[in-house]
Each structure stands twice: as structure tokens, then as C-alpha cells.
2 protein chains.
Amino acid sequence: MAVTLKDIAEKVGVSESTVSRVLNGIPKASSETRERILKVAEELGYYPNDLARSLAKQKTHIIGVIITDISNSYFASVTGGIEEIASLFGYSLIISATGGNENEELKYINILKEKRVDGIIFMSGRMPHSCEQALLDTGIPTVVVARKVKSSLPSIHIDNIGESYKAVEYLIKLGHRRIAIISGTFADKESGYHRLLGYKNALADYELPFEEELIEEGDFKMDSGRRAMEKLLKLKELPTAVFAASDAMAVGAIKAIKKAGLRVPEDISVMGFDNNVISQACDPELTTIGQPVKDLGRKAIEMLYKIIQGKKLEKMAIYLPCELIIRNSTKSLI
Amino acid sequence: MAVTLKDIAEKVGVSESTVSRVLNGIPKASSETRERILKVAEELGYYPNDLARSLAKQKTHIIGVIITDISNSYFASVTGGIEEIASLFGYSLIISATGGNENEELKYINILKEKRVDGIIFMSGRMPHSCEQALLDTGIPTVVVARKVKSSLPSIHIDNIGESYKAVEYLIKLGHRRIAIISGTFADKESGYHRLLGYKNALADYELPFEEELIEEGDFKMDSGRRAMEKLLKLKELPTAVFAASDAMAVGAIKAIKKAGLRVPEDISVMGFDNNVISQACDPELTTIGQPVKDLGRKAIEMLYKIIQGKKLEKMAIYLPCELIIRNSTKSLI
DNA sequence: GAAATTAAGTCAAGCGCTTGTCTAAATTAA
DNA sequence: TTAATTTAGACAAGCGCTTGACTTAATTTC
């Protein structure tokens, strides 16, 4: 069906290997045959078969990306960063969504193995041991994004504890003393848990009392923020500020506060985390911690590329700084 | 390096073809050899090389997806729908982002050709003739999403004219007579243009005057919505309702209205289009037209699958209905 | 019991490209 | 002039898997 090297070779009257070399720019042909080959290739509309080439060269120029959910803006943005740099390096991306399901994760790791991808970027689920082992067993260069890793897998993160500390510290410096937190899921010991830890650390460092009643657990989504805030609003003594571990929950909290007839930030300051698109859509616009989502992706693929190139990584775990973004949902009490 | 059929064949003492057949479940072996092969394959940790298989079978089980930008929530959602069904069908996705740049689009079409993908889903840019021709020339089954197509390429859409009509009609039925529109880019004759058309049609059908001063062009993004609204607010006679061709612009408009000291919807009703996440984050929550983004993706891959299977499509262009979602940004004047 | 059928495999070509080795001619060196 | 290099290209093995055609032995048919 499609035109092959053989077709060109026959038409020009040379061997396949010569055609291959010419087409790959390997200097081993007289300029005369070179031109004839190029001309015939053009005429016939030749384009290489990357499968055959990959098989012969043992590399595919494909990176496998395993994420939880493409339509989630966080993953979409990180993936955007990955793709931006990958394309620069000449890599294509195979993207698989697992829904955070361990079996799916294992399944996709396997598929990527069979497809002989040159590298894998993993950012799905809670990084169960089985997955980590499976990734190691592939023998394929791998970088893990935003998931704590036990083994020697290279990874890239944000410092959830430190960044959350930064958020709470900001509130404290605005003069707030009674600060509630709407945390993310913390059972999984990932970001939700760490952001709560940062909150605790900040309180401790500034010698503020830690009170159970000021802690509500959410699931990072808007509705849980709303519900959590409704509970907080029932306290005898209201907090003057609320730190939500995600922008979505922060928006939910704002809605609850407004519904209760209070104002943000006049009555209660609200702070988010993520700096995703809704932080600028809500009213008031959210003060938040801006995650460098694109950069996480960019940096991940850069690390991966180094590994593929056989270079040593300076650091096995990289932490990217976040940015404190001050908008209108927080006010100074001083 | 990796274990091959040959390794298994040698160890078991049979031919490669027998191993291949057993591993593919083709009934042509005694249950005894079958079991020995399976056992050895297990022991050796064999997993197939999909490149070799694809080369031999002339199919890759890969679908190429060409989009403008992964981090854009619209594309991310459509892609999410694609991936959901694709994985069910046993397909992997190669995703490329073009930034809407024609040269990039052509480049990626070429890469997908070389990678011998089994199908292509295209939803990027303004569908220049060159791309359409390039897609046709690949000879690879292709489905186009949300882009007007001249040729015989199958496509899937929403009816921008009709849905926009529906939005404006809703406002009219609420008693609004002076309705402004913040349209998307209309030079490209794609969705922006069609949504404007729907607006005009609705006015005409309900015998409302069409006034130039009530039309502002935006670029679908929030800021342009804000700026457009600021202009509209300078009119001697204000509109009582504004239809924005995207939620983002609608949110921008709301911000401008509030800043001017007016209220939504009490003073001016605002309507959006898309039903993306910000439509529920803003205040008030947006009445909008909900695009079936996931379904666009799902349906696209289903169409593509049919074509790959060699089946005939009943329709070359499918239109999916949107949903009128009524929230709090619009009010009745009656 | 001979012929026909089936079962269980083997053989080898083919998918399309790469690349190390070899050859013959042309060029350079001495 | 002859030997040593270089150049231009051919040859063939190899990447790992699939699959149609063929072979041999076992089973069934009449």
C-alpha cells in the first residue's frame, strides 16, 4: 500500500540501505544518487514508517503519561507543560487516565511497557506500592509527579507543608489569630495531609493555640468547602479567617459565608490554594497559593529527558516553589 | 534484552509460530504444549512487543488526537470523553497540541501518519483547507470535532446557531427586549460567528430591533468580557440583559456590572455559554447553555471506531444538543 | 483396511527500516 | 608505479511478531 524504501530503491536502481542512509542524511552517497533518491522519494510521496524504524532502532520517541483524569484542570495543566517541552524534544505523548484506580494504573503501565515507550511520567492515584514496583520493574525511565515515592524513582513536587505554612503565616501576619482550615482528604497522607501539617506548624511557630473545632475535612471540591464552612459558621466564636486547601473549597466556603449574611473579607477572610481559573472568577477574587502547574510538567519531562539521555540527575526529588497571590478575599485586621 | 517469542520457543522446544499462536489463544496446540508454553512465558516474564506486532498486523491500536491546547478546559473535557471510550475499545491515545497553528497542525498530521495511527480525531484551529486536505490524504479514518468541514470528512458539532438562539429566546421570554451580546471572535466564521447569528435570528423571529450598539466582540476570555461590558455600560439606554458567548466572558461582564455599582440579575441579567466550571464559581451563578463536552468526545470516538471497523456511518455530520441551565444570573421582567 | 479428515506443529516469508561488514572503484600518498 | 586510503554502495542480518502453506501423525469414515 504505502511507499517503502524498497519501492524507491528499485525505481532508482540502488540498494535499500543506500536509500535509507540518504533519507537519514548519512553522508555515504554521491550527490548525484542522493538527488535522484530524494527526487523519487518526493515523487512517490514517501514517508517513513515509524513503527519499523522504532523496532529497528529500539526507541519510539513516545512518552507515556499516566494521570488520574484528563478533564481535571490540574492534570490538564501539568500535561500541557509536559507536552510543550516534549514536542520540542521530538517526543509524542500517549496519555492514559486511570481514575486513580490501582488496577487501571497497573494495566496502563503494562500497556506502555508493551508499546515500548521511551519514558513514563506518572501522576495518578496515591502511589501504591504495587505501582511503584511495577514502574521500577519496567526498566523504563520514569518520573513521578506530586506523589511521595519510597524507592529510587525520581520525582517532582511542591512543598505542600511549606506552602501551606506560607499561606497560614500570611493570615497570621494580617493579624488573624483565630484561623480555621478546611483541609483536603488527609487519610492518604498526600497533599491534603501535608497542607494540614503546614497549618499546624504555622500555628505552633507563632504560638497560636491549635483547636480541633477549627478543623474541617473536605475532599478538595467546591461542595465540600461549602458544607465545611456551614459547620464552622455554627461555632460560638467564629474564626476571622479560613484557609481552604483548594480554591474550589475556598469558593464553596465563600458561598456559605455570603449565604449566612456575612461578607468576605470584611467579616471573614478566605484563602485558597492552587490558583486555578475559578480563583479569579469568584467574588471576591481569591487570595491563594499559586501552584506552578505548567512548570511541574515542564520540569518533569526535562528530568525524564536527562534520564533517557543517560545523564545523571543532580537531585532525585525536586521541589518547585509556589507563589503567594494576594487578591481580595483576605483583609488585614491590623 | 527483553524476552521474545524466540526465547520461549527455544526453552520449550517448539517453533516460534506455535508460541505465537498459543499466546494469542489460537487453538492449534495440544493442551500439553499449550501449558508448557504458558508456564515458560510466565517464568520468563514475557510480554509482547507491540511495535513488532503492530508492524506485522498493520494496525497500532492508537488514535491520534490533535487539539489546540490541553490545558484548556474545553479540549480537556472533550479529550476526557474520547479517552473514556477509547480505552474501552482497547485504544491508546497520542495527543498533540498545536496552539491552533496551521503549521503545527500539518506537522502533527504527518507525525501521526508516520506513526501509523489507526484513526485521527481533529479539533484544532480553524480547519484551513490545507489541513483538511492533509487529513484526507492520509487515508486514515478521521473525525473532526466542532469544526466546519467542506469535504467528506465526518464531523461532530453542536448547533451554535440554534443553541445561541435558544439562549436569547430564553431571555426574550423572560420579558427582556433590550438584549446585548458579547460575541466571540467572529472573523473565523466558526462558533463565535454562529452564536452571533443565533442572536440575530432570535431577535428577528421575535420582532425585536437589531441594534449595532448592543453588539460587542470579545475573544471568549474573561477580560474581553469585562471590557465589552464596560463599553455597554456607557450606552445612554442600558440593556436589561446580556448574552455572552462564553461563560468566561459572562463572568467578566458580571464583574464589570458589579464594579459599576449595579446588580446581577436585579439590574442586568447575564447569560453565558458552555457551562464550564466557573459558571458555578461566580456570584451569582450563571444561567448558561451547557455544552455536552464529554459526549462530543465519546461520540467522536464512537464514530471513528465505526469507520475503522469498515462500517458505514448513518450521518456524516452529527449535532449534539445542549442544555439550557437556569441559575441565578437571569431574572424575569414579567 | 484404505482413504479422507483432523490435529498439532514446522517453515519461511513478510511487515519496513537500520546498520555493521564487505567490495570495488577512485583517490591519495610515497 | 604501487600500496594505502577513501568513497560509494551492496549485502545481509536483525528488530520481534504474524500467518499462509506445508508436513506428519493420529483419528475418523465407510
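Just so it is clear: chains get the letters A, B, ... in the order the sequence lines come, proteins before strands, and each one is counted from 1. Scope of the values below: all heavy atoms of this structure, side chains included, with no hydrogens, waters or symmetry mates.
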When only distance counts, do a donor and an acceptor, one from the side chain of A/Arg34 and one from the base of D/dG9, lie under 3.5 Å apart?
no
Can you tell me if the side-chain N/O atoms of B/Ser20 get under 4.0 Å from OP1 or OP2 in D/dC17?
no
How close or far is atom P of D/dC17 from atom CD of A/Glu114, stated in whole angstroms?
10 Å
By the Watson-Crick or G-U definition, both distances under 3.5 Å, C/dA30 is matched with D/dT1
Provide, to the nearest angstrom, the distance between the CG atom belonging to B/Leu55 and the P atom belonging to C/dG16.
7 Å
Under 4.0 Å: is that the gap between some side-chain N or O of B/Asn49 and OP1 or OP2 of D/dC15?
no
Using a cut-off of strictly less than 4.0 Å, decide whether A/Tyr47 has a side-chain nitrogen or oxygen near OP1 or OP2 of C/dG16.
no
For a quick check under 3.5 Å, do B/Asp118 and B/Thr60 share a side-chain donor-acceptor pair by atom type?
yes
What's B/Asn24 touching, base or sugar-phosphate or nothing? Going by heavy atoms closer than 4.0 Å.
sugar-phosphate
Rounding to a whole Å, what distance do you find between B/Arg21:CZ and C/dC11:C1'?
10 Å
Does B/Gln58 make a side-chain N or O approach to OP1 or OP2 of D/dT18 shorter than 4.0 Å?
no
In whole Å, I'd like the distance from the CG atom of B/Leu23 to the P atom of D/dG16.
15 Å
Under 3.5 Å donor-acceptor pair, B/Ser54 side-chain atoms to C/dC15 base atoms
no
Side chain of B/Arg53: nearest nucleotide among C/dT10, D/dG9, D/dT18?
D/dT18
Rounded to the nearest Å, what distance is computed from the NZ atom of residue B/Lys57 to the P atom of nucleotide C/dA13?
22 Å
Any side-chain N or O of A/Ser15 under 4.0 Å from OP1/OP2 of D/dC11?
no
Atom-pair distance (CG on A/Asp50; P on C/dC15), nearest Å
18 Å
Grab the CZ-P distance between B/Arg116 and D/dC17 for me, whole Å please.
21 Å
Check this for me: does the side-chain of B/Arg36 come within 3.5 Å of the base of C/dG9 through a donor and an acceptor?
no
Would you indicate what A/Thr4 reaches in the nucleic acid, counting non-hydrogen atoms under 4.0 angstrom: base, sugar-phosphate, or nothing?
sugar-phosphate
For A/Ser130 and A/Glu102, which I'm curious about, is there any donor-acceptor pair between the side chains at under 3.5 Å?
yes
In whole Å, what is the span from the NE2 atom of A/His61 to the C1' atom of C/dC17?
14 Å
Parallel, tilted or perpendicular: rings of B/Tyr91 and B/His61 (30°, 60°):
tilted
Please tell me which of the listed nucleotides, D/dG9, D/dC11, D/dT19, lies nearest to the side chain of B/Ser17?
D/dT19
Reckon B/Thr33 touches a base, only the sugar-phosphate, or nothing at all at heavy-atom distances under 4.0 Å?
sugar-phosphate
What residues, two or more places apart in sequence or in another chain, satisfy ring-ring contact (aromatic ring centres under 6.0 Å, His included) together with A/Tyr47?
none
Between A/Ser20 and A/Ser17, is any side-chain donor less than 3.5 angstrom from a side-chain acceptor?
no
Could you state the interatomic distance from CG (B/Asn101) to CG (B/Leu106), rounded to the nearest 0.5 Å?
9.0 Å
